[in-house]
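To keep things clear, I will list the structure first and then write my remarks on it.
So that the names make sense, note that chain A is the first sequence line, chain B the second, and so on, each numbered from 1.
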Amino acid sequence: MKRKFLLARETSEINLARAKNDSSDILLNIYRGGPNSKSEKSYDSYRVPVSRWTTVLDALLYVKERLDSSIAIRFSCRMASCGSCGMKINGIPRLACYTKISELGTDTITCEPLPNFPLIRDLVTDFQQFFNHHKKIQPYIQNTHLDPTMERLSEFKQTPEEVDEFLQFSYCIKCGLCYSACPTVATDTKFPGPQALAQAYRYFADNRDDSAQKRLDNVDHKHGIWRCHFAGSCSMVCPKGVDPALGIQMLRGHLLSITKKPKKKRAELREINREGS
Amino acid sequence: MKEGTIMKIHYITGLAALLTVAIHIMMRVVVPFSVSLEYENVVANYQNILYALLLESVLILISIHGFNGLRVMLLELRQSDKWEKFVTLFTLIAMIAVIAYGTRTIIIVSGQSL
């Protein structure tokens, strides 16, 4: 046991030494400005020492701590769970905490605020509109067959196959990267965006939810699901491996009455539950 | 009408237009292309009731599909109730006008003597 511990310590020391040797400098360009900045885009540039595992967020925090404390950044968990540090890094929407500088393959890194969001200051954007779209699709399970008195608590039983129907969509962390990459959102502010539509499918496909028709009606309007051009950029930028474009196409399939399978399944399950109770 | 219904019509007319235009082109290549566009040939085509019906359906399908496509594009340009009403009305009137004018042409030419 002691030997194992010593070995682990030695390895970590070697890694640290290697990391120190690997360190180099990069040029970090950070967008500066507020919503009323009428002039051309302005950037402040900083030289930042980085090593093999330095993330863009680490580099930004280095600048904020040691070089310029006035930079506005939003971050929290530093492990791609909270979705706070979304920004455009070298032209692509990414999470700063999830993007290693070494994987960008360049010595010049440019950080800009997320497009399609109103700017607050520097790298911080306003998520109000994004969350409003999310709220509109009613992102919670609705089940009218539940006993309102809740005299007898019961579980919703699901098979692994039923969970698979929506599981990947439940990994969404609401970071807004898909929303900022969407070309339709760029022109149509009433369009719910890939995040909200994928969540609409997530609850639609969940067999614990029985408001399928309501959910379909909710996205079936002039600025709704039909405005998706299927560019697929939402799925490309998602840091959690969610495929919003797939969710949108699946929901469209149901609206066009091409796909009926989960509906059938849901009806069967309801029947089984009724018999069980 | 629900947007979903409009889009169903949009997709169906798109597919049907593809089919009818393909038939139309196939019928053109039965004879050498330059011959098929001769005045007598064209008028004779119009006087064939099946061909006139095919042309009419191409006209209707493409007008519905095309003008709805235009409506969708214009709706994305700006977002206001006034604009949406204007765009819907404009594309609807334009679609009816194009179909009416095209139908008139088909009817007149099909009744014309060679």
Run A:Lys222 and B:Gln79 through side-chain contact (heavy atoms from CB on, under 4.5 Å) and show every step you take.
CA-CA 10 Å; A:Lys222 273 181 194 161; B:Gln79 291 87 48; over 6 Å; no
For A:Phe131, I'd like to know if atom CZ has over 12 heavy atoms of other residues, nucleotides or ligands within 6.0 Å.
yes
If you measure from CG on A:Leu216 to NZ on B:Lys2, what distance do you get to the nearest 0.5 Å?
8.0 Å
Closest non-hydrogen atom pair, B:Glu3 against A:His221:
CG-O, 3.5 Å
What do you reckon, is OH of A:Tyr98 surrounded by more than 12 foreign heavy atoms closer than 6.0 Å?
no
Should we say atom OH of A:Tyr43 is surrounded by more than 12 heavy atoms from elsewhere, each under 6.0 Å from it?
yes
Given side chains that start at C-beta, do those of A:Leu255 and B:Lys8 come closer than 4.5 Å, heavy atoms only?
no
